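Single-structure report; data block below.
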Amino acid sequence: GRVLFYDKNLSKNNSIACASCHKQEFAFADNVAFSKGFEHLETKRNSIAIQNIGNNGIIMPPIKGGSLFWDGRESSLESLISKPIANHIEMGMEDTNILLSKLNNLPYYKNLLQTAHGTSTLTMEIIAQDMSLFLSGINSSRSRFDRQFMNSFPNGFTFDPLEEKGKILFNTTYQCSNCHHPSTGMYVNNNFFNIGLDADAEDKGRMNITGDAQMEGAFIVPDLHNVAVTAPYMHDGRFKT
């Protein structure tokens, strides 16, 4: 799964891997508002961080419909895997038979497949399964917040005064925690909200999936782990800091 994630051969012209837009050094997000695909066309939304994805109602049934992508159009991580690969902007590999033929001719998959599956032939099912398992292992749950929340700081160490003030602002003054539920391993829930970025949302978000006008401009609540390195922010990357 790790090898597949970093392999540019999954794209039509061998130029884009999953890791091209989900960069490890940025918590598996992208450091630009819109990522560039295999023909240098830009995606329509910011590449969301994929840390803790196995905790977000994906391995178990999600709380409220889909919980993958900004608009929640997928609820199965294994089903999600093929979407960027086939997307005409992102990786452009629409014919799975061509993709499998290309990958099965690469020598380094033979030993990996034999060791993991007892076969030498890569299938879409294997690609989906192995990449899902790899992505589910990308976890962040030992931040200062996590350790303070679990009372695991050594010698009773707690937040400094500025951090404590930030905690009050987050939880009480601005009530960020109403959506970003503070809990160890995640700062997120499976709901979708329009937080008032636009009076008339050009990107209809969740409404495009459900047809519910009340979901116009609503998007999934993102995980805030490693938020300092996941700029730019929001579904369209409009905020640089």
Side-chain angles (χ1 to χ4, degrees), residues 1-54 56 58-59 68-71 73-74 76-117 119-140 220 222-223 225-226 229-233 235-237:
R2 180 182 64 82
V3 173
L4 285 162
F5 183 81
Y6 287 96
D7 196 340
K8 293 182 178 181
N9 287 291
L10 268 71
S11 65
K12 190 170 185 177
N13 63 357
N14 306 327
S15 64
I16 299 291
C18 303
S20 300
C21 302
H22 296 283
K23 300 170 183 172
Q24 183 171 338
E25 63 268 36
F26 301 116
F28 294 92
D30 205 352
N31 60 329
V32 295
F34 303 111
S35 305
K36 291 190 185 304
F38 75 104
E39 289 185 326
H40 304 291
L41 297 175
E42 289 187 339
T43 57
K44 302 302 182 183
R45 292 176 182 154
N46 181 250
S47 295
I48 197 167
I50 53 175
Q51 58 192 347
N52 296 329
I53 199 169
N56 192 15
I58 287 129
I59 304 306
L68 293 163
F69 294 113
W70 279 105
D71 55 15
R73 62 186 180 273
E74 285 290 341
S76 164
L77 186 53
E78 292 192 1
S79 176
L80 171 146
I81 298 301
S82 64
K83 302 305 188 294
I85 296 173
N87 186 277
H88 67 285
I89 290 176
E90 296 179 51
M91 301 172 85
M93 188 60 76
E94 298 177 55
D95 190 326
T96 57
N97 291 322
I98 294 175
L99 172 65
L100 291 172
S101 177
K102 180 164 72 165
L103 296 181
N104 278 309
N105 282 323
L106 297 172
Y108 49 85
Y109 281 113
K110 302 299 183 185
N111 288 337
L112 290 169
L113 283 162
Q114 198 62 48
T115 301
H117 297 284
T119 181
S120 59
T121 303
L122 201 57
T123 65
M124 288 305 297
E125 290 74 20
I126 288 176
I127 290 174
Q129 174 189 317
D130 292 0
M131 288 186 68
S132 296
L133 290 170
F134 171 70
L135 295 176
S136 297
I138 300 173
N139 298 316
S140 177
I220 193 74
D223 185 356
H225 275 88
N226 298 308
V229 299
T230 62
Y233 304 102
H235 67 279
D236 55 7

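As the structure is a computational prediction, the values presented were derived from the model and not from experiment. Below, all heavy atoms of this structure are taken into account, side chains as well, without hydrogens, waters or symmetry copies.
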Can you give me the closest heavy-atom contact between [X] and [Y], atom names plus distance?
X: F34; Y: D236; answer: CZ-O, 3.4 Å
X: K102; Y: S11; answer: NZ-O, 2.7 Å
X: N226; Y: Q51; answer: ND2-OE1, 2.7 Å
X: A27; Y: A49; answer: O-CB, 3.4 Å
X: A128; Y: E78; answer: CB-O, 3.5 Å
X: N46; Y: D30; answer: ND2-O, 4.2 Å

Practice task
Mind running side chain to side chain contact (heavy atoms under 4.5 Å, CB included) on F69 and R45 for me, showing each step along the way?
Solution key: CA-CA 10 Å; F69 294 113; R45 292 176 182 154; 5.6 Å; no
Inspect the surroundings of [atom1] in [X] and state if more than 12 heavy atoms from other residues, nucleotides or ligands are less than 6.0 Å away.
X: K8; atom1: NZ; answer: no
X: K110; atom1: NZ; answer: yes
X: H117; atom1: NE2; answer: yes

Practice task
Ignoring hydrogens and angles, state whether a donor on the side chain of N9 or Y109 is under 3.5 Å from an acceptor on the partner side chain.
Solution key: no
Handout entry: Flag for N31-K23: side-chain donor and acceptor within less than 3.5 Å
Key = yes
Distance check, rounded to the nearest 0.5 Å: [X] atom [atom1] versus [Y] atom [atom2]?
X: D7; Y: M131; atom1: CG; atom2: CE; value: 9.5 Å
X: M93; Y: L103; atom1: CE; atom2: CG; value: 7.5 Å
X: I50; Y: S136; atom1: CD1; atom2: OG; value: 10.0 Å
X: L106; Y: L122; atom1: CG; atom2: CG; value: 9.5 Å
X: S82; Y: I127; atom1: OG; atom2: CD1; value: 9.5 Å
X: N52; Y: F28; atom1: CG; atom2: CZ; value: 11.0 Å

Check whether [X] reaches the backbone of [Y] with its side chain - one donor and one acceptor, N or O, closer than 3.5 Å.
X: N104; Y: T121; value: no
X: K12; Y: E94; value: no
X: N13; Y: F38; value: yes
X: T43; Y: S35; value: yes
X: N105; Y: S101; value: yes

Exercise for the section: Describe, in one word, how the ring planes of W70 and H235 are oriented to each other, choosing from parallel (under 30°), tilted (30 to 60°) and perpendicular (over 60°). Expected result: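 Correct class here is perpendicular.
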Handout entry: F134 and Y6 aromatic ring geometry - parallel, tilted or perpendicular at 30°/60° bounds
Key =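 Ring orientation of Y6 relative to F134: perpendicular.
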Practice task
Identify which one of I48, I138, L77, N139 satisfies the side-chain contact (heavy atoms from CB on, under 4.5 Å) criterion when paired with I53.
Solution key: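 It is L77; the other options fail the test.
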Practice task
With side chain to side chain donor-acceptor pair (under 3.5 Å) as the test, would you mind laying out the steps for S79 and E74 before giving the verdict?
Solution key: CA-CA 7 Å; S79 176; E74 285 290 341; 2.9 Å; yes
Problem - Heavy-atom side-chain contact between L135 and I81 under 4.5 Å - result: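 L135 vs I81: side chains touch.
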